[in-house]
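What follows is a single structure, written as structure tokens, with notes after it.
Quick caveat: nothing in here was measured; it's all calculated off a predicted structure. Residue numbers count from 1 along this sequence.
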Amino acid sequence: MTTWTRVTDPDEAAALLPAWFATRMMSTRGSYGFLLATGDVVRVSRVTAVHIASDGPILIDVLLDYPGVPGGVDAAWQPKHFLGAPVPGANLATLNLAQVIMAVEFTVAEIAELAHDGNIAAAAADPIALPDPDDATQAGYIRPDHGVDARAVAPAGS
């Protein structure tokens, strides 16, 4: 039986995923994208958790950003299909890392650095409300383990 480990600490996730990916996307709200094997780009404002299965698969919980081409994107990227929240307020999703070809940041580096320094108010400083991970009944939130607490699941016969 597969068991899942939920990781929400950016430093712990950095040991499992590329460091910039985990540290930046889990600790700073911004404008990021995941290029999928289909060629579509999923727009994300933050990674909220990483789920690692005992048999290998990795799932990523994200807050979806607005759909459509981000402002200032290079012409080579503009023909891509940019996916985001399907309807207002439906901004929670889980991605299968096996379908992700590349992670990219759309935030201009200068703006992100200024926001980090506290010189301007930016989206990176916006507080966000995350759903209670133990309440899978909240609209739009589906746990990758379908509501079973991975910490309480033990392989059969143990």
Side-chain angles (χ1 to χ4, degrees), residues 2 4-113 115-116 122-133 135-148 150:
T2 301
W4 291 90
T5 301
R6 183 172 191 265
V7 178
T8 57
D9 179 77
D11 294 330
E12 189 177 338
L16 305 167
L17 301 169
W20 85 267
F21 168 93
T23 304
R24 180 91 174 140
M25 291 182 169
M26 290 184 81
S27 58
T28 304
R29 190 169 182 169
S31 183
Y32 309 105
F34 289 103
L35 177 64
L36 303 179
T38 62
D40 296 324
V41 178
V42 177
R43 290 193 59 190
V44 171
S45 63
R46 185 159 179 209
V47 171
T48 60
V50 176
H51 302 271
I52 298 102
S54 58
D55 58 352
I58 299 175
L59 303 177
I60 306 168
D61 286 347
V62 298
L63 295 177
L64 296 171
D65 205 348
Y66 297 102
V69 180
V73 166
D74 184 80
W77 281 77
Q78 291 178 8
K80 299 244 178 254
H81 187 206
F82 288 85
L83 304 169
V87 296
N91 63 342
L92 299 172
T94 300
L95 301 175
N96 184 334
L97 187 61
Q99 297 302 311
V100 175
I101 303 300
M102 178 174 65
V104 63
E105 182 173 9
F106 295 120
T107 307
V108 178
E110 293 82 11
I111 293 173
E113 288 173 13
H116 180 67
D126 290 345
I128 58 170
L130 297 177
D132 178 354
D135 184 3
T137 62
Q138 291 187 20
Y141 186 71
I142 300 172
R143 289 175 55 153
D145 55 6
H146 303 287
V148 176

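Nearest heavy atom pair, residue A49 against residue M26, reads CA-CE, 4.0 Å. Listed here is the closest heavy atom pair of V41 and G33: CG1-CA, 4.1 Å. The two atoms that bring A103 and M25 nearest to each other are CB-CE, 3.9 Å, heavy atoms only. Between A90 and A85, the closest heavy-atom pair is O-CB, 3.5 Å.
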Checklist entry - Does the pair V104 and L35 meet the rule for a side chain to side chain contact (heavy atoms under 4.5 Å, CB included), with working shown? => result CA-CA 8 Å; V104 63; L35 177 64; over 6 Å; no
Next on the checklist: Test side chain to side chain contact (heavy atoms under 4.5 Å, CB included) on V62 and L95; report intermediate values, then the result.
Outcome noted: CA-CA 8 Å; V62 298; L95 301 175; 4.3 Å; yes
Item to check | Chi angles and distances behind the side chain to side chain contact (heavy atoms under 4.5 Å, CB included) call for F34, V44 | outcome: CA-CA 8 Å; F34 289 103; V44 171; 3.6 Å; yes
Next on the checklist: Between I58 and V50, does the side chain to side chain contact (heavy atoms under 4.5 Å, CB included) criterion hold? Intermediate values first, please.
Outcome noted: CA-CA 7 Å; I58 299 175; V50 176; 3.6 Å; yes
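For the atom pair N96 CG and L59 CG, the distance stands at 5.5 Å (nearest 0.5 Å). If you take NE2 on H81 and OG1 on T38, they are separated by 9.5 Å, rounding to the nearest 0.5 Å. A distance of 13.5 Å separates OG1 in T2 from CD1 in I52, rounded to the nearest 0.5 Å. Here CE of M102 is found 10.5 Å from CG of L36. Values are rounded to the nearest 0.5 Å. With rounding to the nearest 0.5 Å, the separation of CZ in F106 from CH2 in W77 is 5.5 Å. With rounding to the nearest 0.5 angstrom, the OG1 atom of T28 is 8.0 Å from the CD atom of E105.
Tested against R43, the residues V69, L83, D65 include a single side chain to side chain contact (heavy atoms under 4.5 Å, CB included) partner, D65.
With a 4.5 Å cut-off on side-chain heavy atoms, T8 and R6 count as touching. When side chains are defined from C-beta on, F82 counts as touching K80, because their heavy atoms get closer than 4.5 Å. D40 is not listed as a side-chain neighbour of V42, based on a closest heavy-atom distance of 4.5 Å or more.
No donor-acceptor pair closer than 3.5 Å links the side chain of E12 to the backbone N or O of V7.
With hydrogens and angles left out, the side-chain atoms of T48 and D61 include no donor and acceptor closer than 3.5 Å.
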